[in-house]
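Reckoned from all heavy atoms, side chains included, excluding hydrogens, waters and symmetry mates. These numbers were taken from a predicted model, which means no experiment stands behind them.
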Amino acid sequence: MNLLIFALIILFGLSSYYFGRSEARKLITTNKIKLNALPSYYGYYLGIWCGLPALIILSLWSLFEPTIIKMVILSNFSNVESKDLFYEQTLSFFNGNFTGELTNNIKIASEKYSSLNAIAYNSKIALLASAVIFSTSYAYKKVKSNNRARDDVELILKGLLFVSSLVAILTTIGIIVSLLFESIKFFSTINLFDFIFGTSWSPQRAFVRDASTITPEEYLELKDAFGSVPLFAGTAFIALIAMCVAVPIGLFSGIYLAEYASTKVRKYSKPIIEILAGIPTVVYGFFAALTVGPFFRTVGESLGLTVSSESALAAGLIMGVMIIPYISSLSDDVINSVPQSLRDGSYAVGATKSETIKKVIIPAALPGIIGSILLAVSRAIGETMIVVMAAGLAANLTINPLESTTTITTQIVMILVGDQEFDSPKTQAAFALGLTLFIATLFLNYIALRVVKKYREKYD
Amino acid sequence: MTKEERLKKRHNAEKRFRFYGLLSVSLAVIFVLVLIQNIVSKGSSAFSRTTIAADISFNADLLEIEGPITKQSLEEAEFYDLAVESILKIYPSKDSKEERQVLRLFSPDYEYEIKRYLIKNPDKINQVASVELTSSDDVDQLNKGNFPRDLPEDRRRVSNFQLNIYDNLVEEGKIGKKFNDYFFSKGDSRDPELAGIGGSLMGSFFTIIICLILSFPIAIMASIYLEEFAPKNRITDFIEININNLAAVPSIVYGLLGLGILLSVMDFPRSTPLVAGITLSLMTLPRIIIPCRASLKAVPPSIREAALSVGASKFQTVFHHVVPLAMPGTLSGTIIGLAQALGETAPLILIGMVAFVVDIPGTPVDPSASLPVQVYLWSEQAERGFVEKTSATIMMLLGFLIVMNFIAVYLRQKFEKKWN
Amino acid sequence: MELNNSKIKIKSKNLNVYYGNKQALHNINLEINNKEVTALIGPSGCGKSTFIRCINRMNDTIDICKVDGSIEIDGKEVNDKNVDVVTLREKIGMVFQKPNPFPKSIYDNIAYGPTIHGIGEKKDEMDKIVETSLKKAALWDEVKDRLNEPGTGLSGGQQQRLCIARALSVNPEVILMDEPCSSLDPIATAKIEELIDDLKKSYTIVIVTHSMAQAVRVSQKTGFFHLGKIIEVDTTEKIFKNPANKMTQDYITGRFG
């Protein structure tokens, strides 16, 4: 239905474009007025005024209609248990595919729903029609009085461009709101200190469905279930292993490609290395879980070591491989932006290439290199699929790379995969973890981007 | 240390350093090759399926059709009895246990395959015809050589009895290999031999289209604003910082955003490409805006000055000259952003795209999986057949990514002007 | 003859240089005398810089650059396979068009060369080297109290003298200067010229310049390059007072270039 209305609005808009244009031309021929803009701008002007307000109203309306109707209906049934379920049942009864026990309440609610729907529909049409008529006639008057159509159209378009650029801010706000909202609920049940400093993580113990009804005894039980230290430690540990792989290989590759490689070697090996950055992480996860993990296990067994098939080592190693291109291409760029004159200065006093690189280029490029490493760390911390598939689920506090550990991202996925109950502290814990992750990566990214930017300014 | 010794040491250090660099580059390249080789060697066998030719006697009595036999009545008929009776004839079994083992050589879909055969060849009614039926995963893997035969029976998935039948069938030339059309046309299944990526392919398609529709126009408009019109002020700075940070926010956080806002507040339908597309477009936006801005920035100011000097407005300058010139870079940035979105898994898991969906989605609001999520789902399955299917899915996914990246590179190299 | 030979420090014979398919130098034959300043002049792009970059093989760092012909220093072929560029460049210092101090302290800028060559491994030895190099470059008095401050913080002229000090720190025999004053103001230029005059007592100096006045002021011998060819070489006096070649005449009188 909305689609039809949408098409109608577009149609109106288009026809008012042509109408506006011909009206403007008429102004020239019949009234002998010199127009302030090309006739087509009058068309655009009328078209935009006809379509845009209606479209905005339509999209806002469709966005909020279901929520408002739901709220109105549920406000009548304050005594019903599990409101979401009740509402689902009402909707399916209304749509005629209801199965299960039919209560009187559902019937009443369904009737209410149908009448509300009808009201909503009629008022939507009325509102849209009046919006179209009102805004079009306003614009038509303006066209008739030969307004500065081009300036007006450009002003509207500029507004549109500005609004699009605001999407970035809206997304950030959306992220923060969605994370904070659930996290605050979580921290109103679980003490922040128990979360940050607790050393045992076992959210499966949080059987309580509704956080608001927790008794003090239950809280004692819950208190120990959400200690996130093992997750932080596991995340940091796997990231550390990844960086141990990625930093030397990435840095040396970057240096080699920037300073040593012939044009031909560079031409072929650079894109091949960058393939590593384009491979979806789920593929790395699959490779780590099915090939690398079992391989380490077999090797470990033959050496007499007990290696978990979901070892931190396998996950970290593969994550490191994934990160190599981020470090290599960024440090390649950074090294290339060190001015040639510094190299010349060093060669001229008789330094070898490696001495020049170690003592002149790397110190000069250090801020950029550190920035790229920080970005890589942030990527390692936020990486999800590799650890979900290749690292363990049990929260062990360990520094043995052959054992399994778990990470923040793994736990978020494990908690939220499948159906969630939104009021349980377990679900809220995932959002609290997400908030921690967001803050940590935001911090790293911000510093890294600043460092890199400063560095760029220095040599630009 | 004499001067010569010192020099020698310095030159050795030089060689070592150079070697480390070469070693690192080689390691990275070798890893790419090993990964691809590993996936291809595991996955390429998934593109064929093993069939067993069985003589089926289409005995109309067993179909219990009342009235005339038409296409309609065949569609509704039960083929189970007919199928079982014919299939059991391929090898004599002495008890019901062995009978079950015989049936288990075939995929659970055999009755439907027989039904489809008869509907296609209605003249075969009351006759005997050889029908190629899909084998079970165990026979499939055995035939592809993925199961070692020399293990003790209790560690094998195929019993001695079944192995015997298999060998017999091979001798009679009844084991065949066919192109695995099921892999492309079917949705998910618990049986690897019947599982296909049809559903996730459509899911990914809808997701990417929605992502494109939402992110491309907004990204272009935002980059035009920021690059061409934005005044240098606090709001602009703040938007810039936001974009740069958002591009580096872990994808799972976008999943939480989708779950927390789109699903729980706005009540969008769970597990659907619609939600996936919206979530991924939020993630992709900053990743597209950055290259878009770069390509707008690369258009030299002289072009703008030329247009302005003939009296074009700022808007006309931008839309008639700058944007068309920046288009190749913009498009290639968009394609690369979409390729990243296509490979994204974590946020989709959070918005419930991990549901087991057998039906192929017809619209973006049907529950579905996507290619990378399918990889995740199947990789959790124990059967050997799913390893093969997972690897083949990865091959398809990588294939799409390669094509997209190739187009992006081509666009840039072919159409982008080099400004000096 | 024998005496004359020992006076010659650097000698190039039939030197050709190519950048890819483009020939940058054609059959350069040039002799540079020991402990004297030789100036190379000519319009920009004529190959002066390319030539001096051949002497310490700086052109090795440019992939597409190919050199054939010979350059001898003290009778030894520079382009010989057995010649180690590292020791060669230790012997031949170079100062560039734009001052290029490393982003390190003044002290470390000077100490860099000696450290990599293993000279002055003790702290007090190194201090001595830094001090003498800076004194030779006439910079010591200006920077002795701030040796630990970054070299990039100095003024342009000071930076260039720091680069000269850096070149001197490894005790070279020859110093190549590629338009060392082109980015400096007149006062800084005068200081550098004064310095060059001083240095020629102990070093052989080759200076590329596009200021003819400078060539007159500092050099004893001048070579005129045009379009990758050497047109005329003679004593500076002769070149500027009574050039043999018409083209040289035109150039020094400012008719082209």
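- Considering every non-hydrogen atom in both A:N445 and B:V249, the closest pair reads ND2-N, 4.1 Å.
- Using a 4.5 Å heavy-atom threshold, the side chains of A:T171 and B:Y254 count as touching.
- In this structure, the portions of B:E14 lying under 4.5 Å from any heavy atom of chain A include both its backbone and its side chain.
- Residues B:L246 and A:I175 form a side-chain contact, since some pair of their non-hydrogen atoms from C-beta on lies under 4.5 Å apart.
- Of the atoms belonging to A:F286, it is side-chain heavy atoms, and not backbone ones, that fall under 4.5 Å from chain B.
- Both the backbone and the side chain of A:I169 have a heavy atom closer than 4.5 Å to some heavy atom of chain B.
- Interface remark: A:K270 contributes no atoms to any contact with chain B (heavy atom separation under 4.5 Å).
- Neither the backbone nor the side chain of A:I173 comes within contact range of chain B; no heavy atoms are under 4.5 Å apart.
- Between B:A248 and A:S378, the shortest heavy-atom contact is O-OG, 4.1 Å.
- For a residue to count as touching a neighbouring chain, one of its non-hydrogen atoms must lie under 4.5 Å from one of that chain's; by this rule A:P271 does not touch chain B.
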Could you check A:L179 against B:V253 for side-chain contact (heavy atoms from CB on, under 4.5 Å), going step by step and ending with a plain yes or no? CA-CA 9 Å; A:L179 292 179; B:V253 172; 4.2 Å; yes
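- B:R10 and A:A351 get closest at one heavy-atom pair: NH2-CA, 4.0 Å.
- Remark: of the listed residues B:F315, B:F319, B:F229, B:F315 is the sole one forming a side chain to side chain contact (heavy atoms under 4.5 Å, CB included) with A:E154.
- Using a 4.5 Å cut-off between heavy atoms, B:S26 makes no contact with chain A at all.
- The number of heavy atoms from other shown groups lying within 6.0 Å of OH (B:Y20) does not exceed 12.
- Side chains of A:V282 and B:L371 form no contact here, defined as non-hydrogen atoms less than 4.5 Å apart.
- Heavy-atom pairs under 4.5 Å with chain A peak, among B:L33, B:L285, B:I218, at B:I218.
- Residues B:Q316 and A:R150 form a side-chain contact, since some pair of their non-hydrogen atoms from C-beta on lies under 4.5 Å apart.
- For A:V153, no part lies under 4.5 angstrom from a heavy atom of chain B.
- B:L256 touches chain A through backbone and side chain together, each having a heavy atom under 4.5 Å away.
- Heavy atoms of other residues, nucleotides or ligands lying less than 6.0 angstrom from CG of A:L3 number 12 at most.
- With a threshold of 4.5 angstrom between heavy atoms, A:L437 approaches chain B through side-chain atoms but not through N, CA, C or O.
- More than 12 heavy atoms of other residues, nucleotides or ligands lie within 6.0 Å of NZ in A:K358, so this atom counts as buried by the packing criterion.
- The most heavy-atom pairs under 4.5 Å with chain B, out of A:L251, A:I255, A:T291, A:V167, come from A:T291.
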I would like to know whether A:T172 and B:N245 meet side-chain contact (heavy atoms from CB on, under 4.5 Å); could you show each step before the answer? CA-CA 9 Å; A:T172 308; B:N245 277 322; over 6 Å; no
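- Atom CZ of A:R450 sits in a sparse spot, with 12 or fewer heavy atoms from other residues, nucleotides or ligands closer than 6.0 Å.
- Interface residue B:K42: only side-chain heavy atoms are found under 4.5 Å from chain A.
- Annotation for B:I235: atom CD1 does not count as buried by contact number, only 12 or fewer foreign heavy atoms lying within 6.0 Å.
- Here the shortest heavy-atom pairing between B:Y376 and A:M414 reads OH-CE, 4.1 Å.
- The side-chain heavy atoms of A:L166 and B:I239, taken from C-beta on, include a pair separated by under 4.5 Å.
- Contact record, A:S165 with B:Y225: OG-CD2, 3.5 Å, taken as the closest heavy-atom pair.
- With a 4.5 Å cut-off on side-chain heavy atoms, A:I273 and B:V32 do not count as touching.
- Of the two parts of A:Y284, only the side chain, counted from C-beta on, holds a non-hydrogen atom closer than 4.5 Å to a non-hydrogen atom of chain B.
- Residue contact with chain B, scored on non-hydrogen atoms closer than 4.5 Å, involves the side chain of A:T441 exclusively.
- Of the two parts of A:L449, only the side chain, counted from C-beta on, holds a non-hydrogen atom closer than 4.5 Å to a non-hydrogen atom of chain B.
- Pairing each heavy atom of A:I249 with each of B:S24, the nearest pair is O-CB, 3.4 Å.
- Aromatic ring centres of A:F287 and B:F31: separated by under 6.0 Å.
- Residue B:P286 does not touch chain A at all, counting heavy-atom pairs closer than 4.5 Å.
- Side-chain contact between A:T384 and B:T345 is absent, with no heavy-atom pair separated by less than 4.5 Å.
- For B:L397, the part lying under 4.5 angstrom from a heavy atom of chain A is the side chain only.
- Contacts between A:L157 and chain B at a heavy-atom distance below 4.5 Å involve backbone atoms as well as side-chain atoms.
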